[in-house]
Amino acid sequence: MTKTIAEKILSEHSGTDAYAGDIIVADIDAALVQDGTGPLAVQQLQKLGMEKAAKPERTVLFIDHAAPSPRKELSNAHKILRDFAARTGAILSDVNEGVCHQRMVEDYMNPGEVLIGADSHTCTAGALGAFATGMGSTDVAIGIASGKTWLRVPETFKVYVTGEFKKGVYPKDFILHFIGMIGADGATYKALEFCGPAIDALAMSDRFTLANMAVEAGAKAGLFASDETTRAYLEERGRGDKWRPISADEDASYEQIFKVDVSELEPTVSCPHTVDNTKTVGEVAGTKIDQVLVGTCTNGRIEDLRIVAKMLEGRTRNPNTRLLVCPASRDVYLKAIEEGLIAKLIAAGAAIINPGCAACVGVHAGILGDGEACLATQNRNFQGRMGNPEGFIYLGSPAVAAATAIEGAIADPRKYL
Amino acid sequence: MQIKGKAFKFGDSISTDHIAPGRLFHLRTNLPELAKHVLEDADPEFAQKVRPGDFVVAGKNFGLGSSREHAPTIIKIAGVGAVLAQSFARIFYRNAINVGLPVLICDTTQIDQDDELEVDVGKGEVKNLTKGITIAAKPLPDVMIKILNDGGLLEHFRKHGGFALDAY
Ligand code: SF4
């Protein structure tokens, strides 16, 4: 019988002929935890008396959510991860190295592999043609120690995308629009497989953005075929030998098929407090914004910073709007310095935050005041997300973020391109 | 497993940021303290009012958002007997079972704030004593029942020395 990408990868990793609905025990290739979920994972392993890593060289502990630490409780939580890394040989990705999901695709993940991570956006690595999914601390702890996890093979929704993006409209607009269309629970439990001519044409950075947001529709994974674009990315990252093609069988069985033409898409914004509360930029233009955040695992890559720096060149941020820019990793940061982007951004009034999660989860580096609104390039806008339940978060593309920083209110990017 | 208590009613899309917000990130290694703030951003008084055995009753997509297992864990530490909702987000659902917090999918529109409920988790039966009606919950998948009966994933793994999901 024919298979989806999820069925293929999970068959290989369980030594079974697996189809949607099957319960399998899978070998995992890699695991990640971060500073919010990792300490609990380590404590669970201590309770089990199994403080070890089955694959230490593929177990990565990230200090990225609260990095550098803003308070002693978190410094102590970081120590738990540092100690575990020292004892087990697991890799510690320390302050300034970057957000876990960006780091995983930069240096650790390959097509056809299985990754479990104690972070919901672990699905980002699906862009490389890997089966990557988020779980809780206990699941990942057991995965780290045993090298295995149990999974129910998900049914797949095929998302077939055609057309060409208009100027000023980006894949981020497409994914926000798509989540608005199917709802924040529209793909609960399912795997989303993105394909079609518009997807084949996407750069890796945009595929990461889409895979990253699969969980915002409730999905278990966001999957892409591994093709020549994937191969070129891996070669650039020094892992060309790890490339292999992956794609779904022609007549694989899908639970649902969505067809989206992006040609008429408008810049799209998710409004407070759910990701599926989407509007076109025209409908919300003029909404006053106190803070703009460019960065996070969704849109903090070099391609994103290039768009923002170009739009801000020769312009400055609105004096009533703070502009925070956080490169997703140290590599992105270095490249942005080499290309002169950081100087341009600072000249335009940006505050540069060291690589990590920045204000995204409300721990530090840009917490909102009561009644304040933020336009962020991140992936979710739940009430309280940026450290204050009295704050309001809007989500948009890096281009919408740049235009908004210029005007101090939500703005259409097309007039600045 | 029979549990009896009062219903605390919440709406749709209660996220992990409502349950265990990022601004309390520093309390994640101090779960009893974090539990004093459980669901604070959805109902600031919930943690003070809830009594052992009471129920969190919600609408659609309960627990959407982050993978933080701290969310179901502190609901359990607060004494909640079970969470009843029309639907759950995937990671929250799996985490809840892993930490031994019963979660049931049922028609919660037939339950109001302060209704007295009696819940049989194994049978998947919710008796609304206040309204004199019985609501059928969707049965838990066999794997989930097995893990829940073992007392959570850690205990399951300890007891069987690995995953033992085939037995069901
Ligand atoms: S950047 Fe935001 S969404 Fe991404 S891992 Fe960090 S906190 Fe999570």
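Residue numbering restarts at 1 for every chain, and letters A, B, ... go by the order of the sequence lines.
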Based on non-hydrogen pairs under 4.5 Å, which of [options] is most in contact with chain B?
{"options": "G117(A), S69(A), G136(A), G218(A)", "result": "G136(A)"}
{"options": "G36(A), G387(A), C360(A), A77(A)", "result": "G36(A)"}
{"options": "D139(A), V363(A), T274(A), L48(A)", "result": "D139(A)"}
{"options": "F382(A), Y189(A), W150(A)", "result": "W150(A)"}
{"options": "I23(A), I142(A), N388(A), I367(A)", "result": "I142(A)"}

Which portion of [X] sits near chain B, non-hydrogen atoms under 4.5 angstrom:
{"X": "T149(A)", "value": "both"}
{"X": "A219(A)", "value": "backbone"}
{"X": "K72(A)", "value": "neither"}
{"X": "Q43(A)", "value": "side chain"}
{"X": "R71(A)", "value": "side chain"}
{"X": "T188(A)", "value": "side chain"}
{"X": "L40(A)", "value": "side chain"}
{"X": "V361(A)", "value": "both"}
{"X": "L45(A)", "value": "neither"}
{"X": "M386(A)", "value": "neither"}

Would [X] and [Y] pass as an ion pair if we require N to O under 4.0 Å?
{"X": "K6(B)", "Y": "D54(B)", "answer": "no"}
{"X": "R23(B)", "Y": "D41(B)", "answer": "yes"}
{"X": "D115(B)", "Y": "K131(B)", "answer": "yes"}
{"X": "E116(B)", "Y": "K4(B)", "answer": "no"}
{"X": "E155(B)", "Y": "K47(A)", "answer": "no"}
{"X": "D17(B)", "Y": "R68(B)", "answer": "yes"}

Quick check on [X] against chain A: is it the side chain, the backbone, both or neither that has a heavy atom closer than 4.5 Å?
{"X": "F25(B)", "value": "both"}
{"X": "N95(B)", "value": "side chain"}
{"X": "S66(B)", "value": "both"}
{"X": "L154(B)", "value": "both"}
{"X": "F88(B)", "value": "backbone"}
{"X": "I14(B)", "value": "neither"}
{"X": "R158(B)", "value": "both"}

ask   = Is the H156(B) ring parallel, tilted or perpendicular to the F163(B) ring (thresholds 30°, 60°)?
value = tilted
Minimum side-chain heavy-atom gap L64(B)-D185(A) below 4.5 Å = no
ask   = Would you call T37(A) and D119(A) a side-chain contact if the rule is heavy atoms closer than 4.5 Å?
value = no
F46(B)-F10(B) aromatic ring centre distance below 6.0 Å = yes
request  = Consider only side-chain N and O atoms of R90(B) and T133(A), and report whether a donor and an acceptor are under 3.5 Å apart.
outcome  = yes
key: Max heavy-atom pair count under 4.5 Å with chain A, selected residue of P21(B), A42(B), P141(B), S15(B)   = S15(B)
note = Between A85(B) and F62(B), the two heavy atoms sitting closest are CB-CB, 4.0 Å
ask   = Is the count of non-hydrogen atoms from other residues, nucleotides or ligands lying under 6.0 Å from K9(B) atom NZ greater than 12?
value = yes
note = When rounded to the nearest 0.5 Å, the distance separating CD1 of I147(B) from OG1 of T138(A) is 11.0 Å
